[in-house]
Structure formats: C-alpha cells, structure tokens
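Here the structure is laid out as structure tokens; the discussion comes afterwards.
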Amino acid sequence: MIGQTISNYRIVIRLGGACKVCALALDWSHRVPRPRWALLVQAVVLVLVALAPKAQAQGLTTPPAAAATSSSSSPADRVYRNGVIFTADARNRTAEALAIRDGRIVYVGSNHGVAPFVGAATASVDLKGQFLMPGLVDGHMHPLEAGLKLLKCSLNYESLTIAEMQQRIQICLDHSASEDANAWLEVVSWFQESMRPAGVKTSRATLDALKTTRPILVTSSFGHTALANTHALALARITASTPDPIGGKIWRDDHGEPTGLLEDSAYDVFSDLLPKPTDAEYVAAATAALKAMSRQGITSFLDAAAPSESMSAFTAVRRAGGLTARAHFAPVIEPKESGDLPGAVARVVAFAKQYDDGAIARSPGITVRNAKLFLDGVIAAPALTGAVREPYLMNAGTAEKPHWVPGPSRGPAVYFSADALATVLVELGRAGIDPHMHADGDGAVHAALDGIEALRKARPTGDIRPAIAHDEIVEPADFPRYKLLGAIPVLSFQWEKPAGDTLGLTNYFGPARMKILEPAGLLAAAGARIAFGSDWPVDKLDEWFALKVGVTRTNAPSAGPEYSGRLGDDPGLSREAVLRAATIDAAYELHEDEATGSIEVGKFADLIVLDRNPLKVPAEEIANIQVLETMVGGNIVCEASAVPGVR
Ligand SMILES: [Zn+2]
C-alpha cells in the first residue's frame, strides 16, 4: 500500500525558495524522561545493528546495511524515496531511500527495499533525485553572542561605501524612533577592512551626520575596532587628553582630537555604558540563533565558550519546546584559575549537573561535556597575538624599502603553563569532560598537543576526545601527533582562502609559513580526524560557503582580483571529507556519533535535504546550496514551503 505522497520540493525549486519556515515551538511531547530499560533497548539495538551482516539492498552500487533488526512489518512514520542519500557511514556509501519510525532511522537502502515500510499512515516523500544527508554538526560557534547580534542593527559583514553605511544605520534609527533620545544604538558586523573604495576613512563625522541625537557605537566584525559618534565619546569621557590605554589605541586627528575610531581595549569603557541584555533578550537571542541554524541545516552545535547565560537561555528555550538543535556547551576555564585547577574543573562539573539532560535522546537536549581553554590569541595582523614557534617578522627597512627580518616577538607566552595545562587536562579526563582548546599559532598548538600527550599518559584508556580549535599554523613535525594522540582539529574552513586576514600575514610570516597556513589538507593527509566549526559570529553564518572553501581554498569571485587563486600549497579536502567533517566527525568530537552524524539504521533521523548535490555540482557552486528541509529526531524543524500564505 502506498501512503500519502509529499512532493513539493520541485515546486520549491521552481520558486527558488530555501528553508524558510522554521519551527519556533515544536511539540516535543514525547520528551519524557527515558526509562532505563529504554536506554538498554537502545544500546542493544545499536550493538545488533553494528553486528548485523551487511544486507545487499538492490539498486545500489555500494549498499548500506539494511534494517536487520527492524521489523519491516511495522510501517514507518516517514519514508524518503528516489533520492541521492549521502550516508556518511564508514564507507561513504550512498542510498536511494530511507525510512523513519519514532524519530529513528529504521531502513537505509534501495527504493525497492523501502517499500515494505510504507503503510497507510506513512508520509512518503518522493525526493525526485534530490540530495539528502545527515544534518550539519557545527563543532565550534558562539550562538548566544551570534543571536544577540541578530537582534541588533547589523551591517551584515558587507562591503559598503560611507553613504551606504550611513543609509543602513539611518534605517535602524528610523525603525527604532520610539527609543529615548539618549538610548544607545549598537551597530554590529561592520566589515571595516572591506569598505569601498579601498582605504576610505570613517570617523565620528560619518555617524554625526545621521539624523539622531542618540549615542552610536559601531563594532567591526573582526572584533578589534569600534567607531563611536561624538555623543558616545562624550558619554565615555574620551577626549583629546585621554591617554591610550594598555592594549588599545584612540585614533586622533591633526589637533589630537579623537576621530571616533577606537582599537581593542580603548573601547572596553563602553561595556559599562551599554545596557546589559535582559533574560528575555538572551532567550530571544537563543531563539534567533536556532532559527538561523535550522535554515542552514545545523542539527547539533557546540557553544565553544559558554557563559552561564547561554546555558540558561537555551535551557529556557528547551523547556518552552523550541530547542531545534542538539545543544552542547563548553564553559571556559580561565588561565587565572591555574592556582585551583581542581576547583575550576569542579565548576564545569557543577554546570553539567545543573544543565546537562543526559544521553542524546530523540528530542534535542542540553549537553555539558566540554570545557574551553584559551591557549593564545589570534595570528592575524595587526594583533599578532597567536603564540608561534618562530618569531613574527618585522620590517627592519623603511616603508619604501621594506626589509623583513625575524623580530623579537613570538606572540604571548601560552596562556597556561605546561604543568598547569597537563594538570587541568588530566583532571578534565578524570571528570569525563572533553577539553576544547583554542590554539591559533603553532606554539599554542604544540603546547596543546603536549598537554594531550600528558593526558594520554596519565589516563591511557579513557574515552576523552580533546579538540584543538583553529590550528591556523601548525609545525609540520606536529602533523602526525593529532592522529597519534587522538586530538581533533576543529577548523573553520572559510578562513582557508586568500583574504585580508590571511594574506595580511605574508610579511609577518614569510613564504615558508604562508605555504602551509590553514593546513586542513596536510592534517588530513597525516591522518587527523578533522571536525568543522564555523566560529559564528566571527564570520557570518554561511556553512555552505565554508564547506566550499574547504574544498577549493578560494575566495568568492566577488572578493576581487587581489583575492583570486588558492591559498598556499595545502591540497584542501575532498568533498566527502568536508561533508564528514561537518557531520559524523564533528558528531564524534561532541561524543554523539553513536546517535547522530550519519544516516544509518538505529540512529536518530537528523537530516537535511538540499537543492543540489554537493558531490556533483561545480565546486564553486557548493557555496550556493540551499537547504530545503531540516529534520531533527524525525521532526521537521525547518522547511521550504510553497504553501500559499506561509512564508
Ligand atoms: Zn571561537
């Protein structure tokens, strides 16, 4: 018997629609505490599935295991047929069809083989050749901060002229005309380095020209610069006589007056002046972030530096039935806690006790099983705060006749001493918490690997999955250590292209290091299991652009001729490898690969349907992929819809 057929994807494509209709509140009524026997049954099913002989489904060149343990006499809730299904299983097999019952995948294989799962009440989706794959797992982002930015006036990381910038901000002012004349306007995601024409200067006059009396603070997307109007400078008491603070700079005109441009610690003063978000705003931010994630196909994520506000906001969203992705959190252990590392680890464990929902279940929950440790800053100029093995170069010549030679700086000392890092990693291992280390320069990476080596020596058998985020430059001698030590590089693929931040390092790094900058392909060749993490909102959330760059190592054609070509000598990753990094391998990083990350029988139905095939389209086109449907635990959380009246 053939059930109800749903086949609106073709209509969606004709309309050019993407996944727009995202659920704000879902009926997760099945979310009841799972009894122990249910967990036991789940474990037994997973073991049986793992042990089951690989069934030969028909119509496939490399058939995945069929539902050996699932009774085909009991119909599925939903079936997909006629698709190109990338499973991300151990052999990267593809399938034509899959069946879902009670939020779990009960069959993967051929169109013929799925037929017995179709009953009278089964929703049967004809994919008409469309691409289906596991939902994206984003192994490093900052969702609360990102969500707060979504609620603010945003310049959206765009390349703007001064007039366009003014126009955008004026629209925000006009839209919030009811605000008090002294209410702050915060403007975010300003791509200062990409203002047009190149080199054009902004100042407080840019903002003073707007029709408002309100204080305005514009912050750059790179996070190192802010632009304030005259009213804002006055409130912050920044005048010609204010000295530059340590770690910051106040730009001044010929008369010594502040221009409004402020670097790094020079705008810290505003954090006390700007209104703090309310609890309701945090919840709104979490909700906005989840909606943006669902549209891009993200079904699990890690908050890679989670403040308690983030855990409590996402918990509130979960309680209201609106958590549409599996949410993992890494509270930060700070270097200043080095004096009491067991106490710092106990604090993370206390967060886990307070917020963690336990084993991955059908409906998304909160997981606290990571801790974040910053080991250095960023290698990008002008910060040069990444800890590097060889010194940054400096110009010993003149601006006209530059002569770049090794300078005195290797960046800051790694933020944790070798002893402290070893101690904290071992303590985390004992507590069952995975360390997630920020290490941008090769010096910090080396220290992270040494710390993991100490952890492995002290606890050779524990299933601890240490991650090293960013890894923008790695000493070649350290490449094989990732595999050897089971260290997971968590990479933001979108950085692996010619752009201001990468090419801006050319003089400071010299040619040898530039060749191996962003070494994703080299790490993969050395056997590392790479996970993807967007680092949103450092960049805008654009998973498909990032995955494209992971393959091509090229910028967008619109970036202009100075950023054409590939970055460095690194070979990049295969298409399958980038898809795995953003699915099963990031699920491994988050310790949920037994339950999600691939399309396999027994796993939860976390999946996405795409408007084109990322394994087949020209590589540049991967950036334009639209997600048509996002499903988590068998529930659709976002879908393209051509239904009239639904936007
Ligand atoms: Zn980050």
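Note that the numbering runs from 1 along the sequence shown for the chain. Just so you know, ligand 1 is whichever comes first in the structure, and atom 1 is the first atom listed for that ligand.
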> Would you say Glu453's side chain and Asp450's backbone share a donor-acceptor pair under 3.5 angstrom?
Replying inline: no
>> I'd like to know if the side chain of His591 pairs up with that of Asn370 as donor and acceptor (distance under 3.5 Å, no hydrogens or angles considered).
In response: no
> Which N/O/S atom belongs to His140 and is the closest one to the Zn ion (ligand 1)?
Replying inline: NE2
>> Main chain of Leu503, side chain of Thr506: is a donor-acceptor contact present, judged purely on distance under 3.5 Å?
In response: yes
> Restricting to N, O or S atoms of Asp535, which is nearest to the Zn ion (ligand 1)?
Replying inline: OD1
> Does His470 bring an N, O or S atom to under 2.8 Å of the Zn ion (ligand 1)?
Replying inline: no
>> With a sphere of 6.0 Å drawn around CH2 of Trp184, does it hold more than 12 non-hydrogen atoms of other residues, nucleotides or ligands?
In response: yes
